[in-house]
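Scroll down for the structure; my scribbles are underneath it.
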Amino acid sequence: MATLQAVTGMNDLLPGDGQGARWQRLEAAFRETCGRYGFQEVRTPLCEYAELFQRSVGEATDIVEKEMYTFDDRGNRRLALRPEGTASAVRAAIEHSVLARETVVRWCYLGAMFRAERPAKGRYRQFHQVGAEVYGDDSPAVDAEVIDLASSFLQGIGITKFTVRVNSLGGAETRARYRDALIAHFAPHRDALSPDSQSRLERNPLRILDSKDPRDLPFKAGAPSIVDALTDEDRAHFERVKEFLSALGTPFVVDPSLVRGLDYYTRTVFEIVDTSGALGAQDALGGGGRYDQLFTELGASKPVPAFGFALGIERLLLAAPVTEEAKPFRVAVVAVAKPDEHATHAGVLGLARELRMRGVETVVDTRFGSMKSQMRRANDLAATVVLVIGSNELASGQVSMKLMATGEQRSVARASLLDELAQLQRAAAATGAP
RNA sequence: GUGGCCGUAGCUCAGCUGGUAGAGCAUCGGAUUGUGGCUCCGAUGGUCGCGGGUUCAAUCCCCGUCGGUCACCCCA
């Protein structure tokens, strides 16, 4: 292609296609929901030292192994566009010692993430997530409350067909023990496993449980359950989480094969999948879990328990119903004048500015073509009211006011114009603006 | 990274065994010298993704390439 295009898998969002407005409403809804749960928004850079993700997400994960956008900056430092949000937020929390001032921190974020995968429906190289994290509280009540936050946010934006799957991976010692048990189980069948799972066997045996490859299924079925490997403390924690979720009325199912793709999870993990079929093959709306070791692994001076989740905005929008936005009350000012009658044009611009200063959305077709073309433009822009200014109006101190819905038109004194418009606006709001 | 399908006007698409392109919508103008939507008339708009090959001749056939899309892997 001779003309420049957007990078593969990275998309424009144009006004007028309706998507931009949906994004804005979704983001507003997320901030609103988070606010009600006591979360504050944090913003971190799109780019970090690659090492941050290697250490947090894990060297042996798909994200780090083959999906990260990494490059060297001018100082020959290895950077990466962030593939997810948790690592950056934790880094920022450590760097700014936020837990020295507050014992518990509740953060939320929204923004672009990058993964160099082949795009498909609901999967893009630049995609966007909303997420929330709690630092400094190891109570199972946090797990339940944050899962509930995600769940009620979905319902709030009209997504009803989804399933919350939960599992517990246990703490560090459980994971180590379970890992050994898995290796012991799968190793004898090594040659029968899928090639992917063969390599997972040494590097990350938990991920074999995630496999959908038919060759792995028979061996998965007989694999030891993580539930049996949990310590008493892990088990008690998980039981509380389930209790609290039930008490909150948040539906969930326990899925012992749920392991998630990131290394930093401990104890509770969860995933939310769409069941409406709107997402195609990528049915995960998001997921998260507890990561009690991550602060320490990233160099915090003392351990900090943490819990968080992220949801994919593009996928939420695929799953959410498309709702009509209420039409705004909008005024168009039209000039009736010959092309060189600049005084009339100036009068139109002046009136428009006056209205805007009073909070009225006002548009002007500043090409000042024929009145017909200006009227057409006003109609295209869905103006509720058109104000016409020409020599007649200028001479009499009046403005011709036309209501586009009915075609009704009357002459209004400049002095009472704002009152008239305010009255119309109230009436439009009362009837729900057709 | 692997595979299927698809690239013709701004958009959605048609184009018959190869004879250098058409519709609808959109845009602009006119019918209506200061009045939108509906209708009618007209106009603008295309290196047929790009490169090569076969042919007298390629939008059409072949190869390559780029892009899109869906799926696999995995994930948001």
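Just so it is clear: chains get the letters A, B, ... in the order the sequence lines come, proteins before strands, and each one is counted from 1.
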Spacing of the C1' atoms in B:U39 and B:U33 (rounded, Å): 22 Å
Would you mind listing every salt bridge (charged side-chain N to carboxylate O under 4.0 Å, His left out) that reaches into residues 269-291 of chain A, with sequence neighbours excluded? A:Asp143-A:Arg290, A:Arg165-A:Glu271, A:Arg260-A:Glu271, A:Arg290-A:Asp292
Work out how far the P atom of B:G36 is from that of B:U27, and round it to whole angstrom. 15 Å
A:Asn379 (side chain) and B:G37 (base): donor-acceptor pair under 3.5 Å: no
Using the salt bridge (Lys or Arg N to Asp or Glu O under 4.0 Å) criterion, which residues pair with A:Arg207? Sequence neighbours excluded. A:Asp210
If the condition is ring-ring contact (aromatic ring centres under 6.0 Å, His included), which residues does A:Phe186 pass it with, not counting sequence neighbours? none
Residue pairs passing the ring-ring contact (aromatic ring centres under 6.0 Å, His included) test with at least one member in residues 393-413 of chain A, sequence neighbours excluded, are none
Please, which pairs that meet side-chain hydrogen bond (donor to acceptor under 3.5 Å, both in side chains) have at least one residue in residues 145-159 of chain A, sequence neighbours excluded? A:Tyr37-A:Asp148, A:Tyr37-A:Ser152, A:Arg106-A:Glu145, A:Asp148-A:Thr250
Could you tell me the separation between the CG atom of A:Asp12 and the P atom of B:G10, rounded to a whole number of Å? 17 Å
Would you call the rings of A:Phe270 and A:Phe307 parallel, tilted or perpendicular if under 30° counts as parallel and over 60° as perpendicular? parallel
Using a cutoff of under 3.5 Å, can you pull out all pairs of nitrogen or oxygen atoms linking the protein to nucleotides 24-29 of chain B, with atom names and distances?
none

Only stems of 3 or more consecutive Watson-Crick or G-U pairs count here, both distances under 3.5 Å; name the ones for RNA chain B, or none. B:1-7 with B:66-72, B:10-13 with B:22-25, B:27-31 with B:39-43, B:49-53 with B:61-65
Residues in salt bridge (Lys or Arg N to Asp or Glu O under 4.0 Å) with A:Arg356, at least two apart? none
My understanding is that only residues two or more places apart in sequence, or in another chain, count here; which of them pass salt bridge (Lys or Arg N to Asp or Glu O under 4.0 Å) with A:Arg330? A:Glu361
What's the gap between B:C73 and B:C13 when it is taken at their C1' atoms, as a whole Å value? 35 Å
Rounding to an integer number of angstrom, what distance separates B:C60 and B:C41 when you compare their C1' atoms? 35 Å
Using the C1' atom in both, what is the distance from B:A21 to B:C48, to the nearest Å? 8 Å
Can you tell me how far P in B:C6 sits from the matching atom in B:C16, rounded to whole Å? 15 Å
B:G34 C1' sits how many Å from A:Met371 CE, rounded? 5 Å
Do A:Gln374 and B:U35 share a donor-acceptor pair, side chain to base, under 3.5 Å? no
What pairs meet the salt bridge (charged side-chain N to carboxylate O under 4.0 Å, His left out) rule with one or both residues in residues 341-354 of chain A, with sequence neighbours excluded? A:Glu354-A:Arg414
Within this structure, what is the CE-to-P distance between A:Met375 and B:G36, rounded to whole angstrom? 6 Å
Summary of protein contacts for nucleotides 68-76 of chain B, nucleotide by nucleotide, where a base hit scores B, a sugar-phosphate-only hit scores S (4.0 Å, heavy atoms): S-BBBBBBB
Scan for salt bridge (charged side-chain N to carboxylate O under 4.0 Å, His left out) pairs involving residues 261-270 of chain A, sequence neighbours excluded, and state none if there are none. A:Asp234-A:Arg267
What is the distance, to the nearest angstrom, from the NZ atom on A:Lys372 to the P atom on B:U39? 14 Å
In whole Å, what separates the P atom of B:G18 from that of B:U59? 13 Å
Mind checking whether A:His189 and A:Phe219 have parallel, tilted or perpendicular rings, split at 30° and 60°? parallel
Ignoring hydrogens and angles, tell me if any N or O in the side chain of A:Ser370 forms a donor-acceptor pair with the backbone of A:Ser373 under 3.5 Å. yes
Provide the distance between the two P atoms, one in B:A9 and one in B:G4, to the nearest whole Å. 26 Å
